[in-house]
6 protein chains.
Amino acid sequence: MSVVVRNIPRAERRLIDGLAESGVATVHEAQGRTGLLASYMRPIYAGARIAGSAVTVSIPPGDNWMIHVAVEQCQEGDILVVSPTSACDTGYFGELLACSLMARGVRGLIIEAGVRDVRDLTALGFPVWSRYVSAQGTVKETLGSVNVPIVCAGASIEPGDVIIADDDGVCVVPRVKAATVLEQSSAREKKEAAVRARLKAGELGLDIYGMRQRLAEKGLKYVDSSC
Amino acid sequence: MSVVVRNIPRAERRLIDGLAESGVATVHEAQGRTGLLASYMRPIYAGARIAGSAVTVSIPPGDNWMIHVAVEQCQEGDILVVSPTSACDTGYFGELLACSLMARGVRGLIIEAGVRDVRDLTALGFPVWSRYVSAQGTVKETLGSVNVPIVCAGASIEPGDVIIADDDGVCVVPRVKAATVLEQSSAREKKEAAVRARLKAGELGLDIYGMRQRLAEKGLKYVDSSC
Amino acid sequence: MSVVVRNIPRAERRLIDGLAESGVATVHEAQGRTGLLASYMRPIYAGARIAGSAVTVSIPPGDNWMIHVAVEQCQEGDILVVSPTSACDTGYFGELLACSLMARGVRGLIIEAGVRDVRDLTALGFPVWSRYVSAQGTVKETLGSVNVPIVCAGASIEPGDVIIADDDGVCVVPRVKAATVLEQSSAREKKEAAVRARLKAGELGLDIYGMRQRLAEKGLKYVDSSC
Amino acid sequence: MSVVVRNIPRAERRLIDGLAESGVATVHEAQGRTGLLASYMRPIYAGARIAGSAVTVSIPPGDNWMIHVAVEQCQEGDILVVSPTSACDTGYFGELLACSLMARGVRGLIIEAGVRDVRDLTALGFPVWSRYVSAQGTVKETLGSVNVPIVCAGASIEPGDVIIADDDGVCVVPRVKAATVLEQSSAREKKEAAVRARLKAGELGLDIYGMRQRLAEKGLKYVDSSC
Amino acid sequence: MSVVVRNIPRAERRLIDGLAESGVATVHEAQGRTGLLASYMRPIYAGARIAGSAVTVSIPPGDNWMIHVAVEQCQEGDILVVSPTSACDTGYFGELLACSLMARGVRGLIIEAGVRDVRDLTALGFPVWSRYVSAQGTVKETLGSVNVPIVCAGASIEPGDVIIADDDGVCVVPRVKAATVLEQSSAREKKEAAVRARLKAGELGLDIYGMRQRLAEKGLKYVDSSC
Amino acid sequence: MSVVVRNIPRAERRLIDGLAESGVATVHEAQGRTGLLASYMRPIYAGARIAGSAVTVSIPPGDNWMIHVAVEQCQEGDILVVSPTSACDTGYFGELLACSLMARGVRGLIIEAGVRDVRDLTALGFPVWSRYVSAQGTVKETLGSVNVPIVCAGASIEPGDVIIADDDGVCVVPRVKAATVLEQSSAREKKEAAVRARLKAGELGLDIYGMRQRLAEKGLKYVDSSC
């Protein structure tokens, strides 16, 4: 039942790096408003924006043994994605594991549980998106699995999927859709750049997007304040 | 049922700016410990302190159409205040809408829901107090209302009321009470300045406020540790 | 029933300062994974790391009178630890009380409730770990107790116990165990330093900790991806 | 600042009783999906369905003095609606107060806080919708107000408004709209009765409501499973 | 992007009915402690225990249009499983939709959102497991999908998977594993029956499961109370 | 570090049974509003009211091994009180363990975590107060301790303390105070009986408790509605 899957397929590096530049909100919109992890997944420090290939870990509550196992499966450009089999706020991950992952070129950690050594992780510049911050230690007694499909913070994630994370949260793009989603993200950004310039110049979205007629048809009324 | 109220009355600019200087905790105390929004309303970045006239938006869950409508009703010195008709963590607002509001001189956003593009909003210096951060997109299908009385995060807000927001949270001052509350806030600050000096010099609040007798009457006992 | 206990015993200053250097995660592990306060206790600003002797306050909901009483019992190197008798998010503590505590050399505040004047406290460099940030004011009507045993955020705390707090949260060390726990913390740090160097050099925890055989015995299987 | 307003206007009894029969979901829909209190307001026992005139109480956290004051303002057919000025789970209300309210013909209690003596209240048949159940006692030290406008669980309530409560939660109907809303509720019920019969007979909502064309226009595709 | 998948494969009825008899806790253990939905999914009334084939619905926040579409895809023995694309407590489902589903032989509803008409649903005997109870109405404006893979309350669910639900919560069994899991559940029940008899007779689990030696090896000490 | 303490002292049975009759709210008031567990501790079924001697269990997250150990330390009239060392919603306890405890005369379970087999426990009449209901299974790998002081749901509990639990929640009475608290509870009940009769007869608490003068002194004003 407990298995470590080796040599998972990954998306091309240039696709991954392109998605990192677009950021979570754009990518999420570009792939049809899907793939977002729950809003309780928060960065331990502001300003990081990363993308990478998911190395997934399914793990028991309060037991971080499989994270040690997962490190070996990580390579340059990966992001570790950890989900406990039942809700737990324990601090599964700290500075020593970060040193180990950084030595392998891993870009960050996504964990639907707790993380600790936040001050050290911040100093190291190793970004983490977690549900909790907690110093509570874990045991190393029970197996889990590495690189199997998991659900993390409400999103279904396959090993090798592309993870994008920034101050808005975390989004997953299925590996085989990475190229298409990147294309759509770029198109979206181009379109937004044009709109942005007009909005900054004081034009209204109501006019740019041509919303007035449909609002009227739906029955929206304008009245003056009687106060 | 869906209505946009134009030309709402607003408080005088000098009252608004005075209240911003006092800050949330002082204003809230000065008006008799009323008007505070729930403590889950948090700033997306630390350090901002603003006040402005409320342009209110009542909006369906997962639908930000009425925010586009509301932009047109905003003017220099306003704060947009958005409340969904039922609890929702969706990201109703992002950087493009902020550009549009900034072009009109709007000072910030209060939203009992989600916000996205947090990194860009921080870079722009457009402050937001929200319940959630979420990249989840919204639709534009259902009407709501602009500049009607709303309840936002447990506080009743009329269009044109004065909103004060800082790292402590968000407070609303009814428009017609703005002058009185500013006066009371200033008086309170003056009094606190005097107390602050004495406390810094090592005097005790117990003595400054003359609390010892009442504590004794209530039955407070002092004993020495037996450890 | 309401009592203020004076002249509580405290741990030696050098033990306290040593524990501050070790930090919450290390101290918590070193004393057998006990003493951690709940993960909802968060610092109002990042980067502070303190330790001190607990002056404890048991306090009614929405009433901060006893904090004023407690100030007098504080001395250089103390940390004030406040727990309401029932859950409440009110802002019991602000900048004036911080000025008073700083005048006495108090190092910080731990409160399982709300705090306000966060901007001022940050500017003053007075660190607070709280459950909420809220400007909501309190009354001064009902007695509580100072320097009695309390439960704060799920941890049992005696007056004079050593409190350690940093970005990971808050931990309590029983006063009489301070020396032993400091020793174990230092031993742990030394051991971690050696492991850290090896991990940074790319060695795996699997090998450093000799985990491979036990994983195999438990039945962990390695397979190659079939994708 | 603290005031008790006497002799508030109330809606006609037959309107109130009519709204009770319609129940929360129907009334809420009939008045345009407004007026619902937050979904965390739950009944202490299943099966009760009441309506009555709101006697409102604004009350400090952990202090139930004003409930005693409010009892005197209650009359046959009223519902007491209590909202603390800041979030608190204390048990403000128990069996003795229920006896007192029942002696005056009060129909139930709505409280955005805690309630206790749940077993006795159930035996008495006195229904309560609350946010919490808690035995934690309160003090009687600080004033509040009776029959002023309040926000309770996110809904704005005026004294004399009609409250409807059942297993779905709690809804408020502004007093002056009671007649119109009752009419619309009855119309809605009649329409639903016709639809119900057809649905029970196996007809589909898709056909009864004529949804198929609009779904197709929006682009909905039907495909057969390839599994 | 929005699609309705027809004619999904389903597990054999006798397997489904067998799993219902085993109940959630047993089935969840029998398939290796996987498949459980989050513990916030609660039944609207106690005592129901059902199993059925999942008809899945992915749905926007605050919009129940696709539930009407899904009804047509349901048949005798199915369970409707609904998950919104972002967190929302709106009441998507009520008594009329239940009548429609019951006319088709559907056994119940699992919804990670709100449900209303709880009193009527209880009277009808139509069981629902939901995250919220709320009367808040929804719109019918935006498409979603029926019978696509979804994540509901943290569990990954394919259309046609077997859903088991009782007072302990909700569990999903992949369709192709239904036979194996039923077998393991039955084996587990048989084993438990033997243990139950011994426990009722006063034998200890410590002896029945032979735990004493391993506890001693791990270092468990027994001492007598010194109080 | 892991220890099982045998032969703990217990309160006299007649004191325990007397406290059960008084119930949680009365006992909690009678001992000065202390000892209540957090309001999220809820009974799995309504109507039970028990008291007993605490057999305490400190237990790792997701691991129920020590409950098996604790059973042996239980005797007629005990209540098992279980607290995990970090927050966890796993289902540590089910019907088989209940059979074992019932064979020893144990009266119920208090657990700040999850419980399962709720339907069976209800049928057996074995009452449980828990934070969660969850079928998620646990492992048996890591030691904890039995009959050591614990914090459960925010309350400090010593082995042998008296636990009282009913529909209002759970309260702990220190063993050595049981006689005094029972006395005070009885006195309180007698006083309440007299008040109850007067309230039922329509007298007001305002008059019975003589509150009017103090309310006036505090500044309460009565005005007539101007609506």
Side-chain angles (χ1 to χ4, degrees), chain A residues 23-43 46-49 154 164-171 191-212 214-227, chain B residues 1-10 44-46 62 65-73 89-91 94-104 113-123 131-147 158-160 175-176:
Chain A
V24 168
T26 299
V27 168
H28 158 74
E29 285 284 347
Q31 72 173 337
R33 290 182 188 159
T34 59
L36 201 69
L37 277 67
S39 62
Y40 53 66
M41 296 296 288
R42 302 300 304 139
R49 172 170 284 180
I164 302 100
D166 62 20
D167 291 344
D168 286 350
V170 185
C171 188
K191 211 175 87 187
E192 285 191 349
V195 172
R196 182 180 296 110
R198 295 173 67 182
L199 290 170
K200 282 189 172 173
E203 250 186 289
L204 288 169
L206 286 179
D207 298 313
I208 297 173
Y209 303 117
M211 290 170 168
R212 292 191 192 274
R214 197 164 152 249
L215 286 164
E217 285 166 10
K218 285 262 185 178
L220 187 64
K221 299 286 173 230
Y222 286 80
V223 302
D224 280 307
S225 172
S226 57
C227 290
Chain B
M1 213 126 225
S2 291
V3 70
V4 179
V5 179
R6 290 179 297 206
N7 305 317
I8 57 166
R10 290 165 168 91
I44 57 167
Y45 58 84
W65 206 9
M66 292 312 286
I67 296 183
H68 290 272
V69 172
V71 171
E72 192 177 24
Q73 305 308 316
D89 73 349
T90 303
E95 176 251 351
L96 285 183
L97 278 164
C99 288
S100 189
L101 287 177
M102 289 178 87
R104 303 181 79 81
V115 64
R116 61 184 185 179
D117 297 335
V118 160
R119 199 164 87 145
D120 299 318
L121 296 173
T122 304
R131 181 160 189 177
Y132 304 101
V133 171
S134 168
Q136 179 74 35
T138 51
V139 297
K140 289 170 186 60
E141 296 286 357
T142 306
L143 299 185
S145 291
V146 175
N147 282 331
E158 300 277 334
R175 182 176 53 88
V176 296

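Everything quoted here is computed from the prediction, not taken from an experiment. Here is the naming used below: chain letters follow the sequence lines, and residue numbers restart at 1 for every chain.
- When B/Ile8, B/Val5, B/Val71, B/Leu97 are compared by the number of non-hydrogen pairs under 4.5 Å with chain A, B/Val5 comes out ahead.
- Between chain B and the options A/Leu37, A/Val223, A/Leu36, the largest number of non-hydrogen pairs under 4.5 Å is found for A/Val223.
- Using a 4.5 Å heavy-atom threshold, the side chains of B/Val69 and A/Met211 count as separate.
- Summarising the geometry, atom CG belonging to A/Leu215 is positioned 7.0 Å from atom CE belonging to B/Met66; distances are rounded to the nearest 0.5 Å.
- Applying the side-chain contact (heavy atoms from CB on, under 4.5 Å) test to B/Arg119 and every residue at least two apart in sequence or in another chain returns A/Arg49, A/Asp167.
- Here the NE2 atom belonging to B/His68 is positioned 8.5 Å from the CG atom belonging to A/Leu206, to the nearest 0.5 angstrom.
- The main-chain N or O of B/Val133 is never found under 3.5 Å from a side-chain atom of A/Asp168 such that the two would form a donor-acceptor pair.
- If you measure heavy-atom distances from B/Asp89 to chain A, the contacts under 4.5 Å come from the side chain alone.
- For A/Glu192, the parts lying under 4.5 angstrom from a heavy atom of chain B are both the backbone and the side chain.
- Between the side chain of B/Arg104 and the backbone N or O of A/Gly202 there is no donor-acceptor pair closer than 3.5 Å.
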message: Between B/Leu96 and A/Leu199, is the side-chain contact (heavy atoms from CB on, under 4.5 Å) condition met? List the steps.
response: CA-CA 7 Å; B/Leu96 285 183; A/Leu199 290 170; 3.9 Å; yes

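- Annotation: the span from B/Lys140 atom NZ to A/Arg214 atom CZ amounts to 10.0 Å, rounded to 0.5 Å.
- At a 4.5 Å heavy-atom cutoff, B/Thr90 makes no contact with chain A through either its backbone or its side chain.
- When heavy atoms are compared at a cutoff of 4.5 Å, B/Leu143 approaches chain A solely by way of its side chain, counted from C-beta outward.
- To the nearest 0.5 Å, the span separating CD on B/Glu72 from CG on A/Asp207 amounts to 7.0 Å.
- Of the residues considered (B/Gly94, B/Ala103, B/Cys99, B/Ala135), B/Ala135 shows the highest number of contacts with chain A, using heavy-atom pairs under 4.5 Å.
- Within the 4.5 angstrom heavy-atom criterion, only side-chain atoms of B/Glu95, from C-beta onward, approach chain A.
- Residue B/Val176 does not touch chain A at all, counting heavy-atom pairs closer than 4.5 Å.
- Within the 4.5 angstrom heavy-atom criterion, only side-chain atoms of A/Tyr209, from C-beta onward, approach chain B.
- To the nearest 0.5 Å, atoms NZ (A/Lys218) and CD (B/Glu141) are separated by 5.5 Å.
- Considering CZ of B/Arg131 and OG of A/Ser39, their distance stands at 10.0 Å, rounded to 0.5 Å.
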